[in-house]
S.K.: 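Shown below is the structure under consideration.
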There are 2 protein chains.
Amino acid sequence: METRRDIFQAIADPTRRAIIGLIAITAMTPGDLASHFNTSRQAISKHIKVLVECEVVKQEVSGREIFYQLDINKMKEVDEWLEKYRCLWEKRFDQLENVLEKLKTKKK
Amino acid sequence: METRRDIFQAIADPTRRAIIGLIAITAMTPGDLASHFNTSRQAISKHIKVLVECEVVKQEVSGREIFYQLDINKMKEVDEWLEKYRCLWEKRFDQLENVLEKLKTKKK
DNA sequence: TATATTTGCAACCAAATAGTAGCAATTAGG
DNA sequence: CCTAATTGCTACTATTTGGTTGCAAATATA
């Protein structure tokens, strides 16, 4: 079993989603981030490490501090994946119609 | 640590995303689903169990067969979560300011 | 009825995950 | 300088995950 490092793994954890919500607004250090949670700094740092490996965050070093900020391109991947299904709850049946046509031709 | 059972956990696994892609088109049985993968039927059944626990699929029993189909409402939850970030990659930067303000005021 | 098919369940295993604690390296401030 | 602060790194632990195999129950089919 190989370790998955993609955006879907990144957002699977609620703490990481909260981190994403924070650094979407402004770049933050691990210490700053940790102060927003009840868990330890090390635990937050491990979540940040996962986010970095998933390429969801960009980092910028400033002295002994490291500022992490959201890389929005990865979020776009979720949106692109979701696009296939969006027609199923919206009123735009353009994609759904294609699927239904396929089903009609399959039925003998 | 309690086991998380939500849509984000459901879509974290690539096999489960593939299952979602299949049952979005039409309801399928575990056996039918398993024939689309290299892994065992039992492994697919376990993924289906997770999807059921995450309330991502609806099931309908017909004799000894069980048909599973996507419950699109749960997918909507991902879209709603993503909505907060969509402006960050779209060209509408005028709305970005509004969203950032909303995020700031929403914070405790 | 006898047999094959479909399925869920339980036990088990290896790997990944989420968390903790301790420590060393680097940097800021007195 | 000296000390405190910030951070990443390495164990270490407990739990979860994804997978396997075997088996029993229910249902279709000959």
Side-chain angles (χ1 to χ4, degrees), chain A residues 1-23 26-71 74, chain B residues 1-23 26-71 74:
Chain A
M1 210 189 330
E2 73 204 28
T3 306
R4 286 186 304 275
R5 286 297 180 239
D6 56 30
I7 179 64
F8 295 99
Q9 187 70 10
I11 66 175
D13 184 87
T15 302
R16 286 198 290 271
R17 288 199 300 278
I19 291 175
I20 287 175
L22 289 169
I23 62 177
T26 182
M28 295 178 74
T29 66
D32 279 343
L33 281 167
S35 68
H36 286 77
F37 300 91
N38 289 332
T39 185
S40 69
R41 177 192 65 82
Q42 291 90 338
I44 298 299
S45 274
K46 286 190 74 171
H47 281 302
I48 292 174
K49 193 182 177 190
V50 173
L51 290 172
V52 169
E53 288 169 0
C54 295
E55 300 179 299
V56 177
V57 303
K58 296 172 287 191
Q59 54 179 277
E60 189 181 347
V61 178
S62 170
R64 68 183 168 184
E65 293 179 321
I66 303 179
F67 287 89
Y68 294 93
Q69 189 157 23
L70 185 63
D71 183 353
K74 282 289 164 181
Chain B
M1 212 189 328
E2 72 204 29
T3 305
R4 286 186 304 275
R5 286 297 180 238
D6 57 29
I7 178 64
F8 296 99
Q9 188 70 11
I11 67 175
D13 184 86
T15 302
R16 285 198 290 271
R17 289 199 299 279
I19 291 174
I20 287 174
L22 289 169
I23 61 176
T26 183
M28 296 178 75
T29 65
D32 279 343
L33 281 167
S35 68
H36 286 77
F37 299 90
N38 289 331
T39 185
S40 69
R41 176 192 64 83
Q42 290 87 340
I44 298 298
S45 274
K46 287 189 73 171
H47 280 303
I48 292 174
K49 193 182 177 191
V50 173
L51 290 172
V52 169
E53 288 170 359
C54 294
E55 300 179 300
V56 177
V57 304
K58 296 172 286 190
Q59 54 178 278
E60 188 181 347
V61 179
S62 170
R64 68 182 168 186
E65 292 179 322
I66 304 179
F67 288 88
Y68 293 93
Q69 189 157 25
L70 185 64
D71 184 353
K74 282 289 164 180

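So that the names make sense, note that chain A is the first sequence line, chain B the second, and so on, each numbered from 1.
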S.K.: First locate atom CD of B/Gln9, then atom CG of B/Leu51, and finally report the distance between them rounded to the nearest 0.5 Å.
M.R.: 10.5 Å
S.K.: In sequence, state the C-alpha distance, the side-chain angles, and the governing distance for B/Val61 and B/Ile66, and then conclude on side chain to side chain contact (heavy atoms under 4.5 Å, CB included).
M.R.: CA-CA 4 Å; B/Val61 179; B/Ile66 304 179; 4.3 Å; yes
S.K.: If you assign each of A/Ala43 and A/Gln9 to its closest nucleotide in DNA chain C, which residue comes earlier from the 5' end?
M.R.: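 Whichever sits nearer the 5' end wins; that is A/Gln9.
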S.K.: Rounding to a whole Å, what distance do you find between B/Phe8:CZ and C/dA18:P?
M.R.: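 From B/Phe8 CZ to C/dA18 P: 15 Å.
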S.K.: Send over the distance from A/Ile44 CD1 to C/dT17 P, rounded to a whole Å.
M.R.: 17 Å
S.K.: For C/dT17, does either OP1 or OP2 sit under 4.0 Å from a side-chain N or O belonging to B/Arg4?
M.R.: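 Looking at the OP1 and OP2 atoms of C/dT17, neither is under 4.0 Å from any side-chain N or O of B/Arg4.
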S.K.: Please determine whether a side-chain nitrogen or oxygen atom of A/His47 lies at a distance below 4.0 Å from atom OP1 or OP2 of C/dT17.
M.R.: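 No.
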S.K.: Quickly work out the A/Asn38 CG to C/dT20 C1' distance and round it to whole Å.
M.R.: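 For the pair A/Asn38 CG and C/dT20 C1', the rounded distance is 15 Å.
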S.K.: Salt bridge check, B/Lys46 against B/Asp13: does any charged N sit closer than 4.0 Å to a carboxylate O?
M.R.: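 Judged by the 4.0 Å cut-off on N to carboxylate O distance, B/Asp13 and B/Lys46 do not form a salt bridge.
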S.K.: Do side-chain atoms of A/Thr29 reach the backbone of A/Asp32 as a donor and acceptor pair under 3.5 angstrom?
M.R.: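 It does hold such a pair.
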S.K.: What is the distance, to the nearest angstrom, from the CG atom on A/Asp6 to the C1' atom on C/dA16?
M.R.: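 Taking atom C1' of C/dA16 as the reference, CG of A/Asp6 is at 14 Å.
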S.K.: Counting only side-chain nitrogens and oxygens, does A/Thr39 get under 4.0 Å of the OP1 or OP2 atom of C/dG19?
M.R.: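 It does not, given that no N or O in the side chain of A/Thr39 lies less than 4.0 Å from OP1 or OP2 of C/dG19.
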S.K.: Work out which heavy atom in A/Leu22 is nearest to a heavy atom in A/Met28; give both atom names and the distance.
M.R.: CB-SD, 3.8 Å
S.K.: How many angstroms lie between CD1 in B/Ile19 and CD1 in B/Ile11, if you round to the nearest 0.5 Å?
M.R.: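 Rounded to the nearest 0.5 Å, the CD1-CD1 separation comes to 14.0 Å.
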S.K.: Mind listing the N/O atom pairs, protein and nucleotides 2-12 of chain C, below 3.5 Å?
M.R.:
residue : atom : partner : partner atom : Å
C/dT5   : O2   : B/Arg64 : NH1          : 2.6
C/dT7   : OP1  : B/Thr29 : OG1          : 3.4
C/dT7   : OP2  : B/Gly31 : N            : 2.9
C/dG8   : OP1  : B/Tyr68 : OH           : 2.4
C/dG8   : OP2  : B/Ser45 : OG           : 3.1
C/dG8   : N7   : B/Arg41 : NH1          : 3.3
C/dG8   : O6   : B/Arg41 : NH2          : 2.9

